[in-house]
Peer 1: 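Just passing along the structure, written as structure tokens.
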Amino acid sequence: MEGRAILRDVTLTARDKRIGIVGRNGSGKTTLARVMAGLIAPDEGRVEVCGVDVLKDRRGALGAVGILFQNPDHQIIFPTVEEEIAFGLTQMGRTKVEAAAATRAMLERFGKAHWASAATHSLSQGQKQLVCLMAVLVMEPALIVLDEPFSGLDIATRMQLMRCLDAVEASIALITHDPATVQGFDRVIWLEGGEVIGDGTPDQVLARFERQMQIWGGQDDLSDLTG
Ligand SMILES: Nc1ncnc2c1ncn2[C@@H]1O[C@H](COP(=O)(O)OP(=O)(O)OP(=O)(O)O)[C@@H](O)[C@H]1O
Ligand SMILES: [Mg+2]
């Protein structure tokens, strides 16, 4: 796969507060999320969030964009929940005391104060996802990129999380396989084969997306899943 362009001609100027990103498995959604967060460099072009070049200014990027990975096991690095949540804040230059206070407040906001000294490895997948989300929210970035944040969550936690995200001031780019999740968003981007093939309001994009998914879903050929 080396040398193959994963994303092509993706130009986004995002002023919208709520952006949904949809597309098939392997269409490039996670790759786009990682580019937006400055974690991988595009071969051409650049990524600026709130005036911060997220590739060059890594410290500035921490306050500009936060990303919730698709798999929390790829995100969690600390043995305890409180360390995991506090880490980004200390990276941003906050003192240990400030970081600890903000961490406690964040845990309380989700009714999880009792998780503070829990071992991250002992948490369930959905609980880990919630810890990662808290670690992102506590940094109050201008843009939050969420890569399938609901996949491991039970219905109640998912509803709580949705409400919490509704209340978040930050702009949100949310990757999902569930069109209903982004129906109320300002804008939806549809990726296919690394290119943007739909970009507009949910009404403009989602109906077409769902129709196309039905057509693909009706076919028995799974060979394209191998990429
Ligand atoms: N580091 C990498 N090196 C080479 N190819 C990669 C790399 N990461 C992803 N790809 C390929 O790029 C394509 C897009 O992958 P990506 O993870 O962005 O898809 P996705 O839309 O997030 O899919 P899913 O819905 O399954 O999460 C896939 O074909 C994948 O195999
Ligand atoms: Mg993905």
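If you read the sequence from its start, that first residue is 1, and numbering goes on from there.
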Peer 1: More than 12 heavy atoms of other residues, nucleotides or ligands under 6.0 Å from NZ of Lys56: is that the case?
Peer 2: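 Not buried by this count: 12 neighbours or fewer within 6.0 Å.
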
Peer 1: Determine whether more than 12 heavy atoms belonging to other residues, nucleotides or ligands lie under 6.0 Å from atom CD1 of Ile155.
Peer 2: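 Not buried by this count: 12 neighbours or fewer within 6.0 Å.
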
Peer 1: Applying side-chain hydrogen bond (donor to acceptor under 3.5 Å, both in side chains), name anything that partners Asp73, two or more places apart in sequence or on another chain.
Peer 2: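 Expected list: Gln125, Lys128.
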
Peer 1: Is there a path of hydrophobic side-chain contacts, each under 4.5 Å between heavy atoms of I/L/V/M/F/W/Y residues, joining Leu32 to Ile40?
Peer 2: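 As far as the 4.5 Å side-chain criterion goes, Leu32 and Ile40 are connected within one cluster.
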
Peer 1: Does a donor on one side chain sit under 3.5 Å from an acceptor on the other, for Glu84 and Thr120?
Peer 2: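 On atom types as modelled, these side chains do not qualify, holding no pair under 3.5 Å.
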
Peer 1: So, Glu82 and Arg104, do they make that salt bridge, N to O below 4.0 Å?
Peer 2: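 No, no charged N to carboxylate O under 4.0 Å.
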
Peer 1: I'd like to check the ring-ring contact (aromatic ring centres under 6.0 Å, His included) partners of Phe87; sequence neighbours left out, ordered by chain and number.
Peer 2: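 By the ring-ring contact (aromatic ring centres under 6.0 Å, His included) rule, Phe87 matches Phe78.
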
Peer 1: Can you see whether Phe69 has Arg34 sitting over its ring - NZ or CZ less than 6.0 Å from the centre and within 45° of the normal?
Peer 2: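 Yes, a cation-pi geometry holds between Arg34 and Phe69.
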
Peer 1: Under a 4.0 Å N-O cut-off, is there an ion pair linking Arg58 with Asp53?
Peer 2: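 No, no charged N to carboxylate O under 4.0 Å.
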
Peer 1: Is the closest side-chain donor-acceptor distance between Glu83 and Thr80 under 3.5 Å?
Peer 2: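 Thr80 and Glu83 do have a side-chain donor-acceptor pair below 3.5 Å.
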
Peer 1: Both conditions, 6.0 Å and 45 degrees, for the charged tip of Arg208 above the ring of Trp190: are they met here?
Peer 2: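 No, cation not above the ring by the 6.0 Å, 45° rule.
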
Peer 1: Evaluate the criterion side chain to side chain contact (heavy atoms under 4.5 Å, CB included) for residue pair Arg24 and Met213; output intermediate values, then yes/no.
Peer 2: CA-CA 8 Å; Arg24 297 195 70 184; Met213 292 304 260; 3.9 Å; yes

Peer 1: Is it true that, when you exclude Gln219 itself, more than 12 heavy atoms of the residues, nucleotides or ligands shown sit nearer than 6.0 Å to its CD?
Peer 2: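 Yes.
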
Peer 1: Taking Arg187 first and then Asp199, would you say they form a salt bridge - that is, a charged N and a carboxylate O separated by under 4.0 Å?
Peer 2: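 Answer for the salt bridge query: yes.
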
